[in-house]
Amino acid sequence: MDLFNSALGKNITLVRPAYFIISGFIGIPNAMYYYIFLFFVYIISVVGNTVVMTVIYLDHNLWTPKYIVVFNLAFVDLFGTTALVPKVLDLFLFNNNRISYSDCLTFLFFCYATLMMQILNLIALSYDRLIAITYPLHYQVRVTHRLMFSLIASFWLFAIAMCLTAVGLLTRLSFCKSSVVVNSYFCDHGQIYRQACNDKTPSHIKVYHTILLWLPLCFILGTYVCIVIALTRVATAQERVKALKTCTGHISLVAIYFIPVLISSTMQNLHSNSRIINLSLTSVFPPMLNPIVYVLQTQEIKTSLRKLLKITKQSKIMVRKLLIT
């Protein structure tokens with residue numbers, strides 16, 4: 001990370017703490033029960049996203065550009081919560097709230113990389129819905145498997161590059177205290193850089209808010225403005241409703257992700273405990289709800305799930321018959 005080192009070539013010594021102390025909740029008795037609750041949410045998320053990924057993988061009818069993105073979203077949700085929740089449980093349920101400098105930055109990288117990928121997946125899905133509704137006759141030509149794979153690969157590269165840059169810029173910061181207390185439940189970027197003693201302008205959180213939040217949200221809202229304009233040209237109300245139904249799953253996902261993040265980003269004077277609750281629920285609830293949204297609101301997933309359950313049931317009956325005979 002020497003590329004980001006502000007002391008490189010200068011007579012300046014960077015002071016880095018041996019470890020960070022993650023404070024968690026302050027003044028709340030029996031806070032451990034909240035972390036146990038997060039663990040149960042995590043288990044539901046793991047099961048739900050695994051089911052969605054398995055259904056898409058086993059049903060070749062779902063090997064379409066749209067479900068390539070849905071599969072990637074389920075994978076990111078599974079990977080992101082697995083990177084976050086077990087470590088949070090280790091920090092607070094087993095009283096290991098001291099985390100080494102390098103481990104903290106690694107923890108931060110994975111948390112933010114998966115968060116960025118979740119949002120970028122929503123952009124890919126909004127593009128898919130935009131083309132499907134505004135250019136239905138050209139959908140097969142414009143939205144191809146190759147395009148979606150290329151889009152997802154470029155999103156991964158972008159997310160990794162952005163998060164490596166953020167972590168690299170943190171390594172150029174010097175801390176005056178030998179132990180730095182992070183008032184959060186994980187290695188929170190904003191809470192870390194604000195405690196630095198030297199120039200912390202490059203790490204300013206507003207830059208990342210713009211890239212992570214406002215630009216994606218503006219793009220998604222822009223696609224729905226175009227969709228609404230396109231639907232006004234549709235002849236019948238029935239066709240409009242049918243087209244909108246194909247967007248309900250995506251709209252639900254956008255609301256699940258962005259509303260809590262908007263609340264936490266606009267209310268800057270939140271108490272640290274309130275902020276921890278908001279951010280932690282924002283991190284674990286969307287991955288839990290996404291599979292439910294897609295199973296309940298997407299007819300293709302429901303049909304495939306029924307088909308797979310029927311095949312599984314029939315195979316069990318066949319096995320029983322063979323064992324009896």
Side-chain angles (χ1 to χ4, degrees), residues 22-26 28 30-53 70-94 96-97 99 103-104 106-122 125 159 163 182-191 208 212-213 216-217 249-250 252-265 267 270-297:
I22 313 298
S23 68
F25 289 113
I26 299 171
I28 296 182
N30 300 318
M32 62 176 293
Y33 293 114
Y34 179 75
Y35 298 113
I36 294 172
F37 164 72
L38 292 184
F39 171 72
F40 283 109
V41 173
Y42 166 68
I43 293 299
I44 297 170
S45 174
V46 168
V47 172
N49 284 293
T50 303
V51 167
V52 169
M53 291 169 64
V70 174
F71 184 94
N72 188 58
L73 179 63
F75 170 76
V76 170
D77 285 341
L78 182 61
F79 181 71
T81 52
T82 301
L84 175 68
V85 177
K87 186 61 181 177
V88 169
L89 297 178
D90 178 58
L91 289 171
F92 301 111
L93 290 186
F94 300 100
N96 296 323
N97 64 334
I99 181 169
D103 286 350
C104 190
T106 303
F107 188 25
L108 182 150
F109 168 80
F110 283 113
C111 289
Y112 279 91
T114 51
L115 171 63
M116 184 174 285
M117 273 307 300
Q118 287 166 346
I119 294 172
L120 292 174
N121 277 314
L122 294 180
L125 286 171
C163 292
V182 180
N183 294 320
S184 188
Y185 72 106
F186 77 116
C187 291
D188 194 333
H189 178 274
Q191 298 297 317
Y208 299 102
L212 271 172
L213 180 62
L217 184 58
H250 181 254
S252 300
L253 296 185
V254 171
I256 289 168
Y257 273 106
F258 280 100
I259 289 175
V261 176
L262 286 170
I263 291 171
S264 60
S265 63
M267 298 177 67
L270 277 176
H271 188 275
S272 62
N273 289 343
S274 301
R275 190 171 182 276
I276 288 171
I277 292 173
N278 193 315
L279 287 177
S280 59
L281 293 180
T282 301
S283 299
V284 298
F285 259 61
M288 181 190 73
L289 294 174
N290 287 348
I292 298 171
V293 167
Y294 266 98
V295 169
L296 293 179
Q297 296 191 8

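All values derive from a computational prediction rather than experimental measurement.
Here the side chains of Met117 and Asn72 are in contact, with some heavy-atom distance below 4.5 Å. In this structure, the side chains of Asn290 and Tyr257 come closer than 4.5 Å at one or more pairs of heavy atoms. Counting only heavy atoms from C-beta outward, the side chains of Ser280 and Leu38 approach each other to under 4.5 Å. Side-chain contact between Phe37 and Leu281 is present, with at least one heavy-atom pair separated by less than 4.5 Å. You'll find the side chain of Phe285 stays beyond 4.5 Å of the side chain of Ile256, heavy atoms only.
Inspection of the Tyr185 and Asn97 side chains reveals no N or O donor paired with an N or O acceptor under 3.5 Å. Using a 3.5 Å distance cut-off with no hydrogens or angles, the side chains of Asn278 and Thr282 do pair a donor with an acceptor.
Rounded to the nearest 0.5 Å, atoms CG (Asn121) and OG1 (Thr114) are 11.0 Å apart. Rounding to the nearest 0.5 angstrom, the gap separating the OH atom in Tyr34 from the CD1 atom in Ile28 is 9.5 Å. Taking CG from Asn49 and OG from Ser45, the interatomic distance works out to 4.5 Å, rounded to the nearest 0.5 Å. Atom CD1 of Ile119 is separated from atom CG of Leu253 by 12.5 Å, given to the nearest 0.5 angstrom. Separating the CZ atom in Phe110 from the CG atom in Leu115 is a distance of 15.0 Å, to the nearest 0.5 Å. For the atom pair Phe75 CZ and Phe71 CZ, the distance stands at 8.0 Å (nearest 0.5 Å).
Aromatic ring pairs are classed by plane angle as parallel below 30°, tilted from 30° to 60° and perpendicular above 60°; the pair Tyr112 and His189 is perpendicular. Ring-plane geometry between Tyr35 and Phe92 is classed as parallel, the angle between the planes falling under 30 degrees on a 0 to 90 degree scale with a further cut at 60.
Every residue two or more places apart in sequence or in another chain that forms a side-chain hydrogen bond (donor to acceptor under 3.5 Å, both in side chains) with Tyr42 is listed here: Thr82.
Nearest heavy atom pair, residue Thr81 against residue Ser283, reads CG2-O, 4.1 Å. Between Ala159 and Ala113 the shortest heavy-atom distance is CB-O, 4.1 Å. Of all non-hydrogen atoms in Phe107 and Ala83, the two that sit nearest each other are CE1-O, 3.3 Å. Closest approach of Phe39 to Val85, counting heavy atoms only: CA-CG1, 4.3 Å. Closest heavy-atom contact between Ala74 and Met53: CB-CG, 3.5 Å. The shortest heavy-atom contact between Val182 and Asp188 is CG1-N, 4.1 Å.
The residue from Leu73, Thr50, Val47 that alone fulfils the side chain to side chain contact (heavy atoms under 4.5 Å, CB included) condition with Leu78 is Thr50.
Remark: SG of Cys104 is found under 2.5 Å from SG of Cys187.
Residue pairs that meet the salt bridge (Lys or Arg N to Asp or Glu O under 4.0 Å) test with at least one member in residues 72-88, sequence neighbours left out, are Lys87-Asp90.
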